[in-house]
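Input: a single structure, listed below in structure tokens.
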Number of protein chains: 2
Amino acid sequence: MVKNNVSIRDIAEKSGVSVATVSRVINNRGKYSKETRDRVLKVIREFDYTPNMTAKALRIRRQQAIGVILPEVTNEYFAAITLKIQEQLFDLGYITMIFNTSYNNEYAVRYSEMIKAQNVSGIICIYDRQTDINKFPEDIPIVCIGYDPKTKVKRKNFARVYVDVAHASWVVTNALIAKGCRKILYMSNWLKKEEGVSGRFLGFKKAMEENGLEIDKRLLIDVDTTGASSAYEAVTRLIKSGIEFDGVACNSDQAATGVIFALNAHNINVPRDVKVIGFDNTAVSKLFMPAISSVEVRPELQSKYAVECLMAMINGEKLDRHEYVVSAEVILRGTT
Amino acid sequence: MVKNNVSIRDIAEKSGVSVATVSRVINNRGKYSKETRDRVLKVIREFDYTPNMTAKALRIRRQQAIGVILPEVTNEYFAAITLKIQEQLFDLGYITMIFNTSYNNEYAVRYSEMIKAQNVSGIICIYDRQTDINKFPEDIPIVCIGYDPKTKVKRKNFARVYVDVAHASWVVTNALIAKGCRKILYMSNWLKKEEGVSGRFLGFKKAMEENGLEIDKRLLIDVDTTGASSAYEAVTRLIKSGIEFDGVACNSDQAATGVIFALNAHNINVPRDVKVIGFDNTAVSKLFMPAISSVEVRPELQSKYAVECLMAMINGEKLDRHEYVVSAEVILRGTT
DNA sequence: CTGAAAGCGCTAACAA
DNA sequence: TTGTTAGCGCTTTCAG
């Protein structure tokens, strides 16, 4: 059982050296003989001493802690990133503090106060299109995951990592076309925005054009893709109104399940009659039978980049670049 | 943009009072006139001052922070609890630090060091049958979620909240029986343990006995229920060997999907021929069509209890009880 | 009602 | 190579 009361002074006394020396030993700062080192280390072990990080933080004006701001941990993709971040940070001796914004910028603003008060060393923000990162303390390094590369950011100490969605979408569309699809249903919950800026639609458009295929406006569906029901209804409507399609590119696996159920309900076979691809390669895509084709966005790689460049900024290293893009991979399974 | 440099001394100077008074005002400690209060508050706002929590933590020997130890945030149920905990703690002015054990007690032990070093005010441990809570600093209040009530714990400052799984299982079994099931398949990934201690099997057994039904040993299935495939294979084997059953009680929704797919593959209709109930009421149960009947274990209520009694312990209040049990609710949907 | 001052545990500049 | 000491920003006792 860990005790909570022995301080650096106790260790200094017990090992017959000064606190400065103990501090040096603890932090591997050199300037001590091997003998002192061993003696101090022995006493530390003996008394089961753990340096008080609060005191250290106060002194060096930095907590060995990182704030992770994300919409909701309950989102599988965000959770996967958060898990990996925490693991990596732990190995580096950092604590992970989490803050769920629930897609509400008000929250994010209040969090930023707390984060400042905590003297965290850095922030990782999993972007939700709502959080205004300009509200965060300017001297704290911050990296955004999923932050739209087109958004201009003025602050120093900033980097972003994001998925090359345009390319992923291009690959998805090409995969569908290669499987014989000609009339592809494009489903998104951000269609209006995407048509303007987002890469996902651009990749789709490019692939269609390159293959000499027309985009049927009626097959551009803008629904809530965080669940299955809206997708189910949308597809049902389409079927009933006799609009034909032979491939579906969804921006979530949940939507893909809705699409598949709707097709099945009308005796349209997947993948024979219609091929379907989801997004994020979540658990449900593997749970399904046939397993749903999807897009792997490599949360562990995103976390890796994020932590690496955050640490670089914290350690005052010059970043060779401020944008890390991870390319997604299309996983073809039973629904194509 | 939040600045990071103004201290309590600055506020004291600017408002012409001592730091002691500023401190009193900040913490609503009384002993100041309304005028001083207003003046101080005005200056605080003006300078956008946020008290340095690290300094405070050092002084009062407690961080306004709670450590949440859990197997993995990627588990939907754990994530739901974590999300709610973080929200509540934030409202109470506490930071949430997370630690994923990955079901590995080694990790948990190393976390306990870090937690001690951080002077957290309390710990919430979402139990995974692996973590040894005796390894945690003895003076820090701790509440375990899901901790088996039969496990003896000696430490002070300890409370647990758990689901009455026995009752939930009893209700599930009764629901299946009420729907006409007689040969019920009981699926678990902890069968051996359950037959000994766990309440889940007890509830099943009780309901069967009360209804004069025999438990068919061949219908007690012990497989990995964290995914769908093991359940799929187990059910397929059962069908092939001609062992009949008309109801399935799973301990996860993932397993339930595997069961349903296996049945469908053999043209066995759900719910007509076989009724299926999952567990945890996760997203996939609602995604499915027909939606999968499941058991709602109220993560938000579990979080609420956990945070409440943790706060009580932190504030030195005497707990009226050390066990909080939340009763689960069976949600009947399309598969029954 | 208000202020002076000690000190939480640590780091780092400076002295030896 | 080692020690002394100031001070990080805050709370709290004690004196007024």
Side-chain angles (χ1 to χ4, degrees), chain A residues 3-41 43-44 47-65 93 114 116-121 139, chain B residues 3-41 43-44 47-65 93 113-114 116-121 137 139:
Chain A
K3 272 160 279 157
N4 233 336
N5 29 18
V6 21
S7 82
I8 196 170
R9 272 247 286 278
D10 301 319
I11 301 301
E13 280 172 22
K14 303 293 178 188
S15 40
V17 296
S18 72
V19 290
T21 301
V22 177
S23 175
R24 289 188 192 107
V25 171
I26 292 170
N27 299 293
N28 286 308
R29 282 261 181 288
K31 316 257 188 192
Y32 44 75
S33 68
K34 189 171 181 332
E35 292 74 49
T36 6
R37 200 190 92 104
D38 291 345
R39 191 145 33 93
V40 170
L41 252 27
V43 176
I44 286 180
F47 285 81
D48 192 22
Y49 164 70
T50 324
N52 182 322
M53 297 314 275
T54 306
K56 174 171 183 167
L58 176 60
R59 182 59 232 239
I60 69 173
R61 312 170 98 93
R62 282 257 163 279
Q63 271 243 61
Q64 296 262 83
M114 222 175 205
K116 166 189 159 194
Q118 287 287 339
N119 295 314
V120 300
S121 299
D139 52 343
Chain B
K3 272 160 279 155
N4 233 336
N5 29 20
V6 21
S7 82
I8 197 171
R9 272 247 284 279
D10 301 318
I11 301 300
E13 281 172 20
K14 302 294 178 188
S15 40
V17 297
S18 72
V19 290
T21 302
V22 176
S23 175
R24 290 188 191 108
V25 170
I26 291 169
N27 298 294
N28 287 309
R29 282 262 180 287
K31 318 257 190 190
Y32 43 76
S33 67
K34 191 174 179 328
E35 292 74 49
T36 348
R37 200 190 93 104
D38 292 345
R39 192 145 33 93
V40 170
L41 251 28
V43 176
I44 285 179
F47 285 81
D48 192 22
Y49 164 69
T50 323
N52 182 321
M53 298 314 275
T54 305
K56 175 173 182 164
L58 176 60
R59 183 58 233 240
I60 69 173
R61 312 172 99 94
R62 282 258 162 280
Q63 270 243 62
Q64 295 263 82
E113 289 255 304
M114 223 175 205
K116 166 189 159 195
Q118 286 288 339
N119 295 314
V120 300
S121 299
D139 53 343

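The chains referred to below are lettered A, B, ... by the order of the sequence lines, with proteins before strands, and numbering in each begins at 1.
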- prompt: What's the CD-P distance between Gln63(A) and dC10(C), to the nearest Å?
  reply: 14 Å
task: Give Arg29(B) one of three labels, base, sugar-phosphate or nothing, depending on what nucleic acid heavy atoms sit under 4.0 Å from its own.
output: sugar-phosphate
query: Would you say a side-chain N or O of Asn52(A) is under 4.0 Å from OP1 or OP2 of dC8(C)?
result: no
- prompt: Just wondering, do Arg39(A) and Val17(A) contact through their side chains at under 4.5 Å, heavy atoms?
  reply: yes
- prompt: Are the side chains of Ser7(B) and Asn52(B) in touch, meaning some heavy atoms are under 4.5 Å apart?
  reply: no
task: Look at the side chain of Ala20(B) and decide which nucleotide, out of dA5(C), dT2(C), dT11(C), has an atom nearest to it.
output: dA5(C)
message: Side chain of Thr36(B) only, heavy atoms from C-beta on: which candidate in dC8(C), dC1(C), dT11(C) is closest?
response: dC1(C)
message: What is the distance, to the nearest angstrom, from the CD atom on Glu35(B) to the P atom on dC1(C)?
response: 9 Å
field: Gap between atoms CZ and C1', on Arg61(B) and dA6(C) respectively (whole Å)
entry: 13 Å
- request: Go through Gln63(B) and Met53(A) one step at a time and tell me if the side chain to side chain contact (heavy atoms under 4.5 Å, CB included) criterion holds.
  value: CA-CA 10 Å; Gln63(B) 270 243 62; Met53(A) 297 314 275; over 6 Å; no
5'-most by nearest nucleotide on DNA chain D - Lys56(B) or Ala55(A): Ala55(A)
- prompt: At under 4.0 Å between heavy atoms, what does Ser33(B) touch on the DNA or RNA strands: base, sugar-phosphate, or nothing?
  reply: sugar-phosphate
query: Which is true for Thr54(A) with a 4.0 Å heavy-atom rule: it touches a base, it touches only sugar-phosphate, or it touches nothing?
result: nothing
statement: Between CD1 of Ile11(A) and C1' of dT11(C) the distance, given in whole Å, is 17 Å
query: Quick one: is Thr21(B) getting a side-chain N or O under 4.0 Å of the dT2(C) phosphate, OP1 or OP2?
result: no
- prompt: Only one of Asp10(B), Asn5(B), Ile26(B) forms a side-chain contact (heavy atoms from CB on, under 4.5 Å) with Tyr49(B), so which one is it?
  reply: Ile26(B)
- request: Check every strand shown and say whether Ile60(A) touches a base, only sugar-phosphate, or nothing at a heavy-atom separation below 4.0 Å.
  value: sugar-phosphate
message: Taking the side chain as everything from C-beta on, heavy atoms only, tell me whether Asp48(A) gets closer than 4.5 Å to Val6(A).
response: no
- prompt: Taking atom P of dA12(C) as reference, at what distance in whole Å does atom OH of Tyr32(A) sit?
  reply: 14 Å
query: What are the two closest non-hydrogen atoms of Thr54(A) and Gln118(B), and how far apart are they?
result: OG1-O, 3.7 Å
message: So Gly30(A), base contact, sugar-phosphate only, or nothing? Heavy-atom distance under 4.0 Å.
response: nothing
task: Name the residue closer to the 5' end of DNA chain C, choosing between Ser18(B) and Arg59(B) according to the nucleotide with the nearest heavy atom.
output: Ser18(B)
field: Summary of salt bridge (charged side-chain N to carboxylate O under 4.0 Å, His left out) pairs that have at least one residue in residues 27-36 of chain B, sequence neighbours excluded
entry: Lys34(B)-Asp38(B)
query: So does Arg24(B) reach the base of dG3(C) with its side chain, donor to acceptor, closer than 3.5 Å?
result: yes
- prompt: NA contact type, Lys31(A), heavy-atom cut-off 4.0 Å: base, sugar-phosphate, or nothing?
  reply: base
message: What is the first contacted nucleotide of DNA chain D and what is the last, in 5' to 3' order, if contact means an atom lying under 4.0 angstrom from a heavy atom of chain A?
response: dT1(D) to dG9(D)
- prompt: To the nearest angstrom, how far is Ile8(B) atom CD1 from dG3(C) atom P?
  reply: 12 Å
message: Distance check, rounded to the nearest 0.5 Å: Ile11(B) atom CD1 versus Thr21(B) atom OG1?
response: 13.5 Å
task: Specify the separation, in whole Å, of atom CZ of Arg9(A) and atom P of dG9(C).
output: 8 Å
